[in-house]
Structure formats: C-alpha cells, structure tokens
Participant: 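Dumping the structure here so I can ask a few things about it.
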Amino acid sequence: MKMESRKRPRDITNTQDQNSHSPRKNPKVQTTSPNKIINITLDVNLRKNKNMKYVLTHSERGSLQEALNTLDAVREEMEARPGKEMLVCGREGIKGYLNLGMPLSCLPESSHVVIEFSKSKSKQKYGGQVFGRHDQESTDVVKFYIHAIGKSRKRILKRGELHKEGYKLCVYGFKGETVKDALCKDGRFLPFLESDSWKLINNLDSIVENTQPIDELEGELFQVKVETGMNPTGAAAAQNSELEERNTSVLKEYLVEEYPSLKIESENIRENLKEKMKKTKRKTSLFKLHKTNFGKQTKNSTPVKIIKLLSRLSDSVGYISWNNNGNEGSATCFVFKESYIFTCRHVINNIVGEGIEPSKWADIISQCVRVTFDYEEFPAEGNKCFHIEPWFEISDKTLDYAILKLKKNGQEVPVGLYNGIGPVPWSGLIYIIGHPNGEKKHTDACVVIPQGEREKKCQEKFQMREAFIHMYTQTSFQEMLQNPDVITYDTTFFFGSSGSPVFDSNGSLVAMHMAGTTCKLPNEDAHIIEFGSSMTSVLSDIKQNHEKWYNDIFLSRQDVEMQSLED
C-alpha cells in the first residue's frame with residue numbers, strides 16, 4: 001500500500017491553491033506540513049471492530065484529537081457514548097495515556113495507540129473531555145511519564161478512569177519549559193499544581209523540583225509528591241470528595257466474606273474512628289497521631305548475595321491481568337512447574353465475577369486473562385504475553401490458592417519454583433516478589449511474626465491509638481492468629497500483590513501472599529498484619545484432594561507403579 005498517494009481531495013486543493021500564490025523565486029517556503037501515519041485500535045465493540053488496526057494519516061502539526069476526529073469509526077464510538085471520556089493509550093512507539101491535545105509531531109512514525117472509553121459518565125465539576133495544550137512552539141519536544149496516582153496515593157488528576165497506581169500518563173513539553181509549566185499546561189491535572197508545593201520523585205531515590213527545566217527528562221517515569229500542609233482548596237478538596245469511592249472500590253464483598261473476622265474488625269475500626277471524630281474538634285491531630293505510629297518498626301538491609309538470588313527467582317514471577325467485559329484488574333502469579341502457575345483463589349473470583357457457574361470459569365479465564373513475566377518498566381504486549389488454557393480444576397477457598405495453565409505459543413516458560421519449596425521459618429527475614437498496586441515488579445524484605453506472638457503484635461499496633469484500644473478483644477482475629485497453615489509478617493505489599501511468592505533467606509519458596517488487615521484512614525491505609533498460605537500446606541491439600549494431578553506432575557511413572565504395588 002502506497003500511503004503517500006492517499007491524499008484527500010481537500011489536502012490536494014489546499015496545496016494547489018497555496019502554491020499558486022507562492023513566489024517562484026523562493027522555493028524554500030512551505031505551506032503544508034508533513035503527514036504522520038499512526039495505527040489505531042478501538043478497544044470497544046470487539047465484535048464489530050475485531051481488534052483490527054486503522055491506519056490514520058494526518059498533518060503532524062495537527063493535534064491527536066483532530067486526527068482521530070477524521071476517522072468515522074472513532075466519531076461513531078464517541079457519539080454512542082455521550083458524556084464519557086475517550087482515553088488513548090500508546091502501545092508501540094510511545095507509551096502511556098496520551099494528552100489528546102498533543103501534536104502528532106510528538107508521536108514517532110507508525111506509532112500504535114489504543115482507544116477505550118471511561119466506564120461511567122463524569123459527575124465531577126470538571127466536565128467534558130479532558131485535554132490541554134495544543135501548541136507547536138518548537139521541534140525540541142520532551143516526553144516524560146507521570147504516575148496517575150501521586151506519591152502517598154494522593155489524587156492528582158481532574159477526572160477519568162486513570163486513578164490507579166499502575167497507570168501512567170505521557171506528558172510533553174518543549175525544551176526550556178519547567179516541570180511546573182509542562183504539567184499545568186497539560187490540562188489533566190488538578191489546579192493545585194499551580195499554587196501548591198510539590199516535586200517529582202524518580203525511582204524512589206531522585207528528586208526533581210518543579211522549577212527545573214524538563215530538558216533532560218526524556219523517557220523518565222516520576223511520581224508527584226505534594227508537600228504536607230498544602231492548600232486544601234485544590235487537591236485536598238477534590239481528594240476528599242472521592243475518598244469514599246476510592247476506599248470502597250478496592251474491597252469486594254464476596255472476597256471479604258472469605259475472611260469474616262477481617263470484615264468484622266474493619267467495620268468496628270471504621271465505626272470507632274467515626275465516633276472519635278465526632279468528639280474531637282482537632283481532627284488533624286488525630287490523623288497525625290495515627291499516621292505517625294502506623295508503619296514498619298524494623299529497619300533492615302539486604303546482602304548482595306540475596307539480591308542476586310532474588311533476581312533469579314523473580315524471573316518466574318508474573319503479572320496477571322484481565323479485562324472481562326469491562327471488569328479489569330491485576331494480581332501476581334508465579335510459575336510452579338512446567339506451564340502451571342499459582343495465584344490466589346480470590347483472584348479467580350475477581351476475574352469471573354459473582355453469580356457465574358463454575359463450569360464456565362475455565363472458558364472465561366482463557367478469554368480474558370493475560371500473563372507476562374517481564375513487567376519491570378512497562379507491561380509487555382503482543383507476543384510477550386501468555387494466554388491461559390481453558391483448564392481450571394485445582395483450587396481451594398480456605399488456603400486461597402488456584403492453579404492455572406499457560407498456553408504455549410512458541411514462548412519459553414520461565415523456570416518453575418517447585419524444586420525449592422521449604423518449611424515456613426519460625427522467625428527472621430522473608431522476601432516477597434510481586435506487583436503491588438499493579439505496578440512493575442518489586443521485592444519487599446519483611447520480618448516474620450511467629451504464631452505465638454501474632455496476638456501481641458496486633459495489640460502493639462493498637463497501642464497509642466485511643467480510638468481503637470477499647471474494641472480490641474482476646475477473640476479478635478482468632479481465625480488468622482491461631483491458623484498454623486499461614487505465615488504472618490509486616491509488609492508494604494497490598495492490593496495487586498495477591499499471589500506473590502514468599503521466600504526465606506535461603507531462597508526457598510515458603511508461602512504465597514494472600515491477604516492482610518487494614519484500617520481506612522482519610523489519607524492512607526493503616527496496616528495491621530499480613531499473611532500468606534504455607535506452600536507445604538498447599539501441596540498437602542493438593543496431594544489429598546487432587547492425587548492424580550499431583551502424581552502426574554511430581555512423580556515419575558516408575559514411582560507411581562512402585563506406589564501402586566506397595567498399596
């Protein structure tokens with residue numbers, strides 16, 4: 001296909017008219033700008049669009065919005081969804097969610113973007129499609145990336161479906177502009193960025209103040225950190241308005257029912273906090289008290305030998321994501337043996353949704369789940385992702401585990417972790433590897449809480465918190481505190497990290513991270529205790545209830561025959 005010959009009549013006419021008025025003695029004067037070709041996929045109405053790419057050719061001086069409006073297919077989808085926001089995410093050539101006001105000149109040739117729409121109509125004061133600048137001040141464009149949720153989980157966006165930690169926004173500006181100029185002109189961020197004190201954090205170890213030029217930020221990924229004591233009229237007001245929505249959207253009722261004691265304690269904590277707030281006039285001092293005292297109490301360092309070991313083990317840890325007809329989410333998994341992977345049973349519940357017959361689960365999972373093992377910066381796509389076989393036979397609600405099978409398509413499956421299973425350590429350090437909050441792969445070193453000290457540790461967490469002490473009883477958390485099949489610890493891994501493998505200091509696989517107890521505070525989650533299922537208990541359960549599969553996977557044919565003769 002010769003795309004150069006496909007000019008629209010309007011473009012040809014304009015070019016001819018302009019050339020007829022141009023002086024012949026000055027051939028360097030150009031009245032039209034070069035065209036840019038990009039590929040578009042509509043991630044909606046899949047039966048109609050069939051996930052095919054639309055080839056779009058448009059002047060590179062035009063904005064992304066202008067270019068998209070020339071496609072009939074895009075206009076039809078927008079008209080079918082009045083009041084909903086169109087989201088454009090770069091997949092190839094450019095990454096992250098794009099500003100619709102971005103000039104096409106910012107996109108590399110043959111870039112691939114995917115279009116989706118918000119799931120609900122906006123009810124906020126920032127109505128309409130959110131996009132900002134469309135300027136062409138110079139050709140020295142700098143593109144960098146911002147986490148959709150600010151550091152300490154502060155909301156920084158006006159509206160939209162991007163209020164998740166794993167989502168990233170592509171921001172652009174021109175050399176010489178400051179960080180503050182680029183973000184304020186972008187149009188998608190809350191107004192407080194114009195007046196309050198904030199800065200960018202890169203890789204948790206570098207700070208870029210918002211007064212610095214963006215010249216050297218090309219391709220870098222940052223979090224926005226707002227200084228404490230910021231102006232409440234900006235981000236704080238908008239953040240409080242969505243606090244209830246953001247808190248309740250994380251925990252699903254049918255998941256909470258799996259752990260009755262957690263639900264009871266969570267409700268008790270919330271009610272006691274409300275009562276305390278009614279009795280005090282200085283609300284901020286109460287929040288400060290809790291914020292000061294919640295958190296890890298143990299500092300530790302990691303030997304280089306362990307870092308190298310964890311690096312090898314991390315190759316087998318995967319990012320599992322799904323989109324079941326708009327029901328989207330992510331968690332963690334790991335290769336167990338051959339093409340079989342482990343994750344949590346409640347993750348499967350999240351994928352299939354409520355009220356679905358178990359006989360249909362395998363097909364649903366195979367259609368909407370993707371797994372990648374190299375999400376260390378941006379999620380992998382295309383042939384780097386594994387699909388799932390329509391097979392779902394082994395799981396358990398009590399121990400909260402499930403086994404899925406990767407569908408091989410010429411890809412090499414990472415090494416399984418089944419050879420390194422060990423018993424739960426009584427104390428000391430353990431290491432979790434996973435994708436907390438849907439982010440890139442992380443590891444967290446944390447301290448084991450021995451079973452005999454679980455109740456004491458929980459009580460210590462409640463000390464110095466007058467609002468909660470009176471509701472703590474000897475029977476609290478008994479289901480978890482006395483359970484020998486779990487290991488308890490104190491970690492920073494929470495939502496999205498379910499299914500993460502837990503290793504001891506020798507690199508042995510000892511557990512799978514599954515849940516924790518939290519208290520919702522206005523500006524943060526107060527974490528009490530976290531726990532995971534012991535792998536030895538999981539394997540014992542599989543051997544007892546799924547003996548044939550266990551023998552097929554773990555025992556050779558000779559072992560099975562000898563065992564049969566002995567029986």
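Worth knowing before you read on, the calculation uses all heavy atoms, side chains too, and leaves out hydrogens, waters and symmetry mates.
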Participant: Ring centres of W391 and Y340 under 6.0 Å apart?
Facilitator: yes
Participant: Can you list everything that forms a side chain to side chain contact (heavy atoms under 4.5 Å, CB included) with C184? Sequence neighbours excluded, please.
Facilitator: K180, L193, E194
Participant: So does N545 get a backbone contact from the side chain of Y550, meaning a donor-acceptor N/O pair under 3.5 Å?
Facilitator: no
Participant: Where do K53 and H112 come nearest, in terms of heavy atoms and distance?
Facilitator: CE-CE1, 3.6 Å
Participant: With sequence neighbours excluded, tell me which residues meet salt bridge (charged side-chain N to carboxylate O under 4.0 Å, His left out) with E77.
Facilitator: R81
Participant: Checking side-chain polar atoms at under 3.5 Å, does H346 have a donor or acceptor matched by the opposite partner on S498?
Facilitator: yes
Participant: How long is the straight-line distance from CZ of F189 back to CG of L157, given to the nearest 0.5 Å?
Facilitator: 6.0 Å
Participant: Apply side-chain contact (heavy atoms from CB on, under 4.5 Å) to residues I115 and T41 and explain how you reach the verdict.
Facilitator: CA-CA 6 Å; I115 293 178; T41 296; over 6 Å; no
Participant: Could you list the residues that satisfy ring-ring contact (aromatic ring centres under 6.0 Å, His included) with W322, not counting sequence neighbours?
Facilitator: none
Participant: Keeping the roles fixed (side chain from N324, backbone from I351), state whether a donor-acceptor pair exists under 3.5 Å.
Facilitator: yes
Participant: Listed by chain and number, what are the ring-ring contact (aromatic ring centres under 6.0 Å, His included) partners of F342, not counting sequence neighbours?
Facilitator: F334, F336
Participant: Is it true that a side-chain atom of N202 and a backbone atom of L221 form a donor plus acceptor pair closer than 3.5 Å?
Facilitator: yes
Participant: According to salt bridge (charged side-chain N to carboxylate O under 4.0 Å, His left out), who are the partners of K441, at least two apart in sequence or on a separate chain?
Facilitator: none
Participant: Please identify each residue that fulfils ring-ring contact (aromatic ring centres under 6.0 Å, His included) with Y418, with sequence neighbours left out.
Facilitator: none
Participant: Ignoring hydrogens, what is the shortest heavy-atom contact between V171 and A182? Give both atom names and the distance.
Facilitator: CG1-O, 4.0 Å
Participant: Identify, with sequence neighbours excluded, every residue that meets side chain to side chain donor-acceptor pair (under 3.5 Å) alongside D363.
Facilitator: none
Participant: Could you check whether any side-chain heavy atom of L417 comes within less than 4.5 Å of a side-chain heavy atom of V335, counting everything from C-beta outward?
Facilitator: no
Participant: Might you work through the side-chain contact (heavy atoms from CB on, under 4.5 Å) test for I364 and C368, ending with a clear yes or no?
Facilitator: CA-CA 6 Å; I364 294 174; C368 69; 4.2 Å; yes
Participant: Pick from V113, I40, L64: which one makes a side-chain contact (heavy atoms from CB on, under 4.5 Å) with L56?
Facilitator: I40
Participant: So, taking the atom named CD1 in I421 and the one named CE in M535, what distance separates them when rounded to the nearest 0.5 Å?
Facilitator: 4.5 Å
Participant: Which atoms form the tightest heavy-atom contact between K440 and H435, and what is the distance?
Facilitator: C-ND1, 3.5 Å
Participant: Pair F386, F373 - check ring pair (Phe, Tyr, Trp, His ring centres under 6.0 Å), show working.
Facilitator: CA-CA 9 Å; F386 286 86; F373 295 94; 5.7 Å; yes
Participant: Rounded at 0.5 Å granularity, tell me how far CG in L404 sits from CG in L406.
Facilitator: 8.0 Å
Participant: Are side-chain N/O atoms of D374 and Y319 paired as donor and acceptor at under 3.5 Å?
Facilitator: no
Participant: Quick check: closest heavy atoms across F392 and I403, and the distance to 0.1 Å?
Facilitator: CD1-O, 4.0 Å
Participant: Looking at side-chain heavy atoms only, is the closest gap between L183 and W198 below 4.5 Å?
Facilitator: yes
Participant: Looking at residues at least two apart in the chain, or sitting in another chain, which of them share a side chain to side chain contact (heavy atoms under 4.5 Å, CB included) with E412?
Facilitator: none
Participant: Between L200 and V224, is there a side-chain heavy-atom distance shorter than 4.5 Å?
Facilitator: yes
Participant: Rounded at 0.5 Å granularity, tell me how far OG in S497 sits from CG in N437.
Facilitator: 7.5 Å
Participant: Checking side chain to side chain donor-acceptor pair (under 3.5 Å) for the pair Y97/E116: CA distance, chi angles, key distance, verdict?
Facilitator: CA-CA 11 Å; Y97 284 87; E116 56 193 60; 3.2 Å; yes
Participant: Under 3.5 Å, side chain of R75 to main-chain N/O of N69, donor-acceptor pair present?
Facilitator: yes
Participant: Between A67 and L104, what is the shortest heavy-atom contact and its length?
Facilitator: CB-CD1, 3.7 Å
Participant: Any side-chain heavy-atom pair from E393 and H546 closer than 4.5 angstrom?
Facilitator: no
Participant: Answer yes if the side chains of T398 and D400 hold a donor-acceptor pair under 3.5 Å, and no otherwise.
Facilitator: no
Participant: Testing the basics here: between G101 and S63, what is the closest heavy-atom pair and its distance to 0.1 Å?
Facilitator: O-CB, 3.8 Å
Participant: Using atom types as modelled and distance alone, determine if a side-chain donor or acceptor of K337 lies under 3.5 Å from a backbone N or O of I553.
Facilitator: yes
Participant: A side-chain contact here means heavy atoms from C-beta on lying under 4.5 Å apart; do L100 and M86 qualify?
Facilitator: yes
Participant: Could you tell me whether the side chains of N327 and N323 share a donor-acceptor contact shorter than 3.5 Å?
Facilitator: no
Participant: Please round to the nearest 0.5 Å and tell me the distance separating atom CG of L87 and atom OH of Y167.
Facilitator: 9.0 Å
Participant: Backbone N or O of I433 within a donor-acceptor pair of the T443 side chain at under 3.5 Å?
Facilitator: no
Participant: Drop me the distance from I432's CD1 to D444's CG, to the nearest 0.5 angstrom.
Facilitator: 6.0 Å
Participant: So T70 and H58, side-chain contact (heavy atoms from CB on, under 4.5 Å) or not? Walk me through it.
Facilitator: CA-CA 9 Å; T70 65; H58 193 77; 4.0 Å; yes
Participant: Mind running side-chain contact (heavy atoms from CB on, under 4.5 Å) on C344 and M512 for me, showing each step along the way?
Facilitator: CA-CA 8 Å; C344 286; M512 180 173 65; 4.2 Å; yes
Participant: Is the backbone of D186 close enough, under 3.5 Å, to the side chain of N99 for a donor and an acceptor to pair up by distance?
Facilitator: yes
Participant: Which residues pass the salt bridge (charged side-chain N to carboxylate O under 4.0 Å, His left out) test with E76, sequence neighbours left out?
Facilitator: K48
Participant: Of all residues at least two apart in sequence or in a different chain, which pass the salt bridge (charged side-chain N to carboxylate O under 4.0 Å, His left out) check with K407?
Facilitator: none
Participant: Could you list the residues that satisfy side chain to side chain contact (heavy atoms under 4.5 Å, CB included) with S111, not counting sequence neighbours?
Facilitator: I38, I94, L107, P108
Participant: For the residue pair R345 / S395, report whether a side-chain donor-acceptor contact shorter than 3.5 Å exists.
Facilitator: yes
Participant: Centroid separation under 6.0 Å, is that true for the rings of Y145 and F222?
Facilitator: no
Participant: Could you tell me which residues satisfy side chain to side chain contact (heavy atoms under 4.5 Å, CB included) with A73, sequence neighbours excluded, listed by chain and number?
Facilitator: L42, Y54
